[in-house]
Visitor: 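Sharing a structure here in structure tokens format.
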Amino acid sequence: MMSEPATAIMNHTDANADVKELSLSQLKSETVLLEREQLRISRRLAAVRERTAEIISAHALSASAEAERKKKRRVGGQLRPICLAAGCANNVHARGLCQAHGGYISRRCRVEGCSTHVARGGLCKKHGAPVPTCSAEGCTNKVQRRGVCYKHGAR
């Protein structure tokens, strides 16, 4: 906030006219008040400039990070996004991550301690996932396609 004498001087169109009417002691006190105000303003200006520089540098960093995140590379004629994990240059598989950083889509076996992918019914093949058999009469082979094994027409 500005002092009353400083405000009074700034409100006048001709500041010199007001100063000419002041006595020596008034001029000295006005000088002290104006110097204090000048010091406060210079400190405030320094703080504003510092904060502005912080915001600009943070914005530049976030903009470069965003540009880095959106980087893509050409794979097989297509542009593919790159994993969001720091320092990783693998292609994205799912949710912005590569397979190494958790971007896999398939679920894991529900048996505790097993990290194998689910085959059917929440279980992997090791833990008893139901494996369909060929629909041909008397055949016990695994289904390959359309409900039958290779021997009975799944090609």
Side-chain angles (χ1 to χ4, degrees), residues 1-13 15 30-155:
M1 291 188 192
M2 297 187 92
S3 65
E4 287 181 30
T7 306
I9 290 174
M10 290 186 159
N11 288 339
H12 284 63
T13 54
E30 182 72 16
T31 303
V32 169
L33 291 173
L34 289 172
E35 286 174 350
R36 286 183 190 160
E37 189 67 22
Q38 183 181 15
L39 181 62
R40 187 194 67 78
I41 290 172
S42 64
R43 286 180 180 158
R44 175 76 176 176
L45 181 61
V48 167
R49 285 184 176 154
E50 183 180 334
R51 179 64 182 141
T52 302
E54 288 173 5
I55 290 171
I56 289 171
S57 67
H59 179 71
L61 289 176
S62 66
S64 65
E66 182 67 18
E68 185 70 27
R69 186 184 75 76
K70 288 185 176 181
K71 273 190 178 176
K72 296 181 179 184
R73 71 171 176 204
R74 193 166 293 281
V75 176
Q78 294 180 334
L79 285 177
R80 297 289 310 265
I82 295 175
C83 181
L84 295 177
C88 183
N90 294 330
N91 291 331
V92 166
H93 185 69
R95 296 185 303 273
L97 300 170
C98 65
Q99 283 186 318
H101 292 108
Y104 50 84
I105 294 172
S106 66
R107 298 173 299 155
R108 301 292 179 168
C109 181
R110 67 178 176 209
V111 173
E112 191 173 330
C114 183
S115 62
T116 311
H117 292 285
V118 167
R120 281 187 168 213
L123 297 170
C124 65
K125 292 178 185 175
K126 288 189 280 185
H127 292 108
V131 179
T133 57
C134 182
S135 60
E137 196 174 319
C139 184
T140 59
N141 293 335
K142 286 191 316 183
V143 166
Q144 297 300 322
R145 189 181 283 165
R146 297 187 198 121
V148 291
C149 65
Y150 285 126
K151 184 177 176 183
H152 292 104
R155 304 245 184 249

Visitor: Step by step, would you call Leu39 with Glu35 a side-chain contact (heavy atoms from CB on, under 4.5 Å)?
Guide: CA-CA 6 Å; Leu39 181 62; Glu35 286 174 350; over 6 Å; no

Visitor: Keeping the roles fixed (side chain from Thr116, backbone from Cys124), state whether a donor-acceptor pair exists under 3.5 Å.
Guide: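 Pair absent, no side-chain N/O of Thr116 close to backbone of Cys124.
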
Visitor: Which heavy atom in Cys83 sits nearest to a heavy atom in Leu97, and how many Å separate them?
Guide: SG-CA, 3.8 Å

Visitor: Enter the distance from Ile82:CD1 to Asn91:CG here, rounded to the nearest 0.5 Å.
Guide: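 Nearest 0.5 Å value for the CD1-CG distance: 7.0 Å.
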
Visitor: Verify, without hydrogens or angle tests, whether Arg108 (side chain) and Ser115 (backbone) share a donor-acceptor contact under 3.5 angstrom.
Guide: yes

Visitor: Between Leu123 and Ala129, what is the shortest heavy-atom contact and its length?
Guide: O-CB, 3.3 Å

Visitor: Could you give me the CA-CA distance, side-chain angles and deciding distance for Glu37 and Leu33, then say whether side-chain contact (heavy atoms from CB on, under 4.5 Å) is met?
Guide: CA-CA 6 Å; Glu37 189 67 22; Leu33 291 173; over 6 Å; no

Visitor: Checking the side chain of Arg110 only, and the main-chain atoms of Gly121 only, is there a donor and an acceptor separated by less than 3.5 Å?
Guide: yes

Visitor: Identify the heavy atoms of Ala119 and Lys125 that sit nearest to each other, and give their distance.
Guide: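 Shortest heavy-atom contact: CB-CG, 4.0 Å.
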
Visitor: What is the distance from atom NZ of Lys151 to atom SG of Cys139, rounded to the nearest 0.5 Å?
Guide: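 If I round to the nearest 0.5 Å, the distance is 6.0 Å.
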
Visitor: Any side-chain heavy-atom pair from Cys109 and Lys126 closer than 4.5 angstrom?
Guide: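 No, side chains not in contact.
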
Visitor: Locate the shortest heavy-atom distance separating Thr140 from Thr133; write the atom from each residue and the value.
Guide: O-CG2, 4.0 Å

Visitor: Minimum heavy-atom separation for Arg120 and Pro130, please, with both atom names.
Guide: CD-O, 3.3 Å

